[in-house]
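The sequence lines fix the lettering, A, B, ..., with proteins before strands; numbering per chain opens at 1.
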There are 2 protein chains.
Amino acid sequence: MFAEERRRRILNYINEHSRASVTELTSVFHVSEATVRRDLKELEEEGLLHRTHGGALAFQSVSFEPTFSEKRVHHAEEKQRIAAKALEWIHEEDTILLDSGTTTYQLAQRISSLRSLTVVTNSYQILRELEHTESLELVSTGGVVRRSTQSLVGPIAEKTLEMIKVDKVFLGTNALDLEAGLTTPNLYEAQVKKAMVQAASQVILLCDSSKINQTSFAKVVSLSDVDVWITDEEAPDDVVQQVSDAGVEVILV
Amino acid sequence: MFAEERRRRILNYINEHSRASVTELTSVFHVSEATVRRDLKELEEEGLLHRTHGGALAFQSVSFEPTFSEKRVHHAEEKQRIAAKALEWIHEEDTILLDSGTTTYQLAQRISSLRSLTVVTNSYQILRELEHTESLELVSTGGVVRRSTQSLVGPIAEKTLEMIKVDKVFLGTNALDLEAGLTTPNLYEAQVKKAMVQAASQVILLCDSSKINQTSFAKVVSLSDVDVWITDEEAPDDVVQQVSDAGVEVILV
DNA sequence: TCATATATAATCAAAATAAATCAAATTCAA
DNA sequence: TTGAATTTGATTTATTTTGATTATATATGA
């Protein structure tokens, strides 16, 4: 194995496990402690992980959650602009469904000014955010707590979504591809998202350009199931054109 | 666990619980008092928490809130004792249902030490309390947010409860009367509580003496539907006797 | 208020971890 | 093939972390 290859693998390993000790890495990669430390130092200098005494932590690590990860939202500005634009699709008396995710969370933070709105969500992060906004009727889908995305998933969430019909769903996704459609790393999340699309008259996708031409594990829906796609201007022209041709209203902000 | 990782986790723990004592932290993280103090000092210097004699407080105003309001809880000591006693009915591998309410909330605060437990609740206050306790499988019933009791009610919550079967339900109530049984001021709450009783093999009622011989608007269930009633020693003897005669195991703490 | 219990800070030694150094092994380029 | 550059692991030295100990400070209740 090449040195550089090993460094990539170490990074992968740490991202997958959230953390790793030097000793652990020496036995996994069959190299000396000195080498592991050199690798970790390199990776830290590249800003790809966080070195600690005894090993290293991934940036997405749970231990970092409150302090670091919040500040490290990728493409935060694009997401803010997308969320701000999405607000235009929300009107008084609407019943809307908010998916879990960073962009939809930012949208949630902005809707507290609106009145007579019914908000249904499977994100307990959003629930907490809107808990005190008394002008809203707030509904939780229920379900099993999935901590990594702060969402509620599983049969309970799906059953609830079968019971309701909403005007609009604001959907997030991890990956968007012309052929694969919307995909996400977790099967349970995918199921819930699918149920959300079923429950909504209009599907509004909030997805920044960094997720374009990516595919993940579990299929949510096809692009043709989306009515409106709000993204940022970095989105490649050809993708925008093709999605547009497929009948989706594409909004660039 | 790395030192830095532990410090982040301590911060999480304190934010989650609003406060923590040094002794508490030593037993949770299995390190000496000296280490805990050093960690707290570091975190204080970073401006992430507020150090006090004996422990530390979270900064977040939301976390301060419950601490203060907790002090205004009526019969707080009795409720604490009742919650502590109720813990004896919870075992590993159990699936339990926690009703919303102050006493059940205090019970929730105590179960973070237990492992391999599945907790279902209609209280989003409890959900938030247990959100970070990774040893628990945590399930929300979903439903419409009812802010005054920080609970989820309505058909969604009821439907979810129809879908599940649990070992034990820990039920709170606003009023207890020999003839009227358990009653509560809100019809939706009553419906959900009724569904909870249906879903549970064993019904454990947590109700301090101040609620005895009171009736409220909406009927939940009869006293005979209760299996165990944990209350404080101020409970009138005659009531205890009669409830006991009705086949309920009455525990005085 | 004072006595008592409890909590903290300071100090130190042991253990764990990291950094520095250097020589051997490997790769690369002419 | 040769020699320079790079990579690696062993060794030594330095640093960090930790818990025990003890003296000091702070809270609490009679």
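Distance check: B/Tyr105 OH to B/Leu206 CG gives 15.5 Å after rounding to the nearest 0.5 Å. Distance CD/A/Gln80 to CD/A/Gln106: 4.0 Å, rounded to 0.5 Å.
Listed candidates were D/dG9, D/dT18, D/dG19. Nearest to the side chain of B/Ala34 is D/dG19.
One can place CZ of A/Arg51 at 13 Å from P of D/dT16, the figure rounded to the nearest angstrom. Between the CD1 atom of B/Ile10 and the P atom of D/dT18 there is a distance of 10 Å, given to the nearest Å. Rounding to whole angstrom units, CZ of residue B/Arg6 and C1' of D/dT17 are separated by 8 Å. At whole-Å resolution of the value, CD in B/Glu42 and P in D/dT16 are 12 Å apart. We find that CD of A/Glu33 is positioned 13 Å from C1' of D/dT11, with the value rounded to whole Å. Rounding to whole angstrom units, CZ of residue A/Arg7 and C1' of D/dT6 are separated by 11 Å. Atom-to-atom, CD of B/Glu4 to C1' of D/dT17 comes out at 13 Å; the value is rounded to the nearest Å. Whole-Å rounding puts the A/Arg38 CZ to D/dT7 P distance at 10 Å.
On a pure distance criterion of 3.5 Å, no polar donor-acceptor pair joins the side chain of B/Arg37 and the base of D/dG19.
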Identify every side-chain donor-acceptor pair in residues 22-30 of chain B under 3.5 Å, counting partners at least two apart or on other chains, and give the distances.
from    : atom 1 : to      : atom 2 : distance (Å)
B/Glu24 : OE1    : B/Ser21 : N      : 3.0
B/Glu24 : OE2    : B/Tyr13 : OH     : 2.7
B/Thr26 : OG1    : B/Thr23 : O      : 2.5
B/Ser27 : OG     : B/Glu24 : O      : 3.0

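Axis deviation across the helix from C/dT1-D/dA30 to C/dA30-D/dT1 amounts to 40°, comparing end segments of five pairs, rounded to 10 degrees.
Between the side chain of B/Ser201 and the main chain of B/Val166, a donor-acceptor pair closer than 3.5 Å is present. Under the 3.5 Å distance criterion, the side-chain polar atoms of B/Thr104 are matched with a main-chain donor or acceptor of B/Asp99. In this structure, the side chain of B/Thr184 does not engage the main chain of B/Asn186 through any donor-acceptor pair within 3.5 Å. No donor-acceptor pair under 3.5 Å is formed between the side chain of A/Asn122 and the backbone N or O of A/Ser151.
A close approach under 4.0 Å does occur between a side-chain nitrogen or oxygen of B/Thr35 and OP1 or OP2 of D/dG19.
A salt bridge links A/Arg37 to A/Glu33: at least one charged side-chain nitrogen sits closer than 4.0 Å to a carboxylate oxygen. A salt bridge links A/Glu5 to A/Arg9: at least one charged side-chain nitrogen sits closer than 4.0 Å to a carboxylate oxygen. Between B/Asp232 and B/Arg81 there is no salt bridge, since no side-chain N of the basic residue sits under 4.0 Å from a carboxylate O of the acidic one.
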Would you tabulate the nitrogen or oxygen pairs shorter than 3.5 Å linking the protein to nucleotides 22-26 of chain D?
from   : atom 1 : to      : atom 2 : distance (Å)
D/dT26 : O3'    : B/His53 : ND1    : 3.4

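Within the 4.0 angstrom heavy-atom criterion, no nucleotide atom of any strand lies near A/Ser21.
Along DNA chain C, the stretch of nucleotides lying under 4.0 Å from any heavy atom of chain A spans, 5' to 3', C/dT17 to C/dA18.
In this view, A/Glu131 and B/Arg128 satisfy the salt bridge (charged side-chain N to carboxylate O under 4.0 Å, His left out) rule, not counting sequence neighbours. Qualifying salt bridge (charged side-chain N to carboxylate O under 4.0 Å, His left out) partners for B/Glu249, counting only residues two or more places apart in sequence or in other chains: none.
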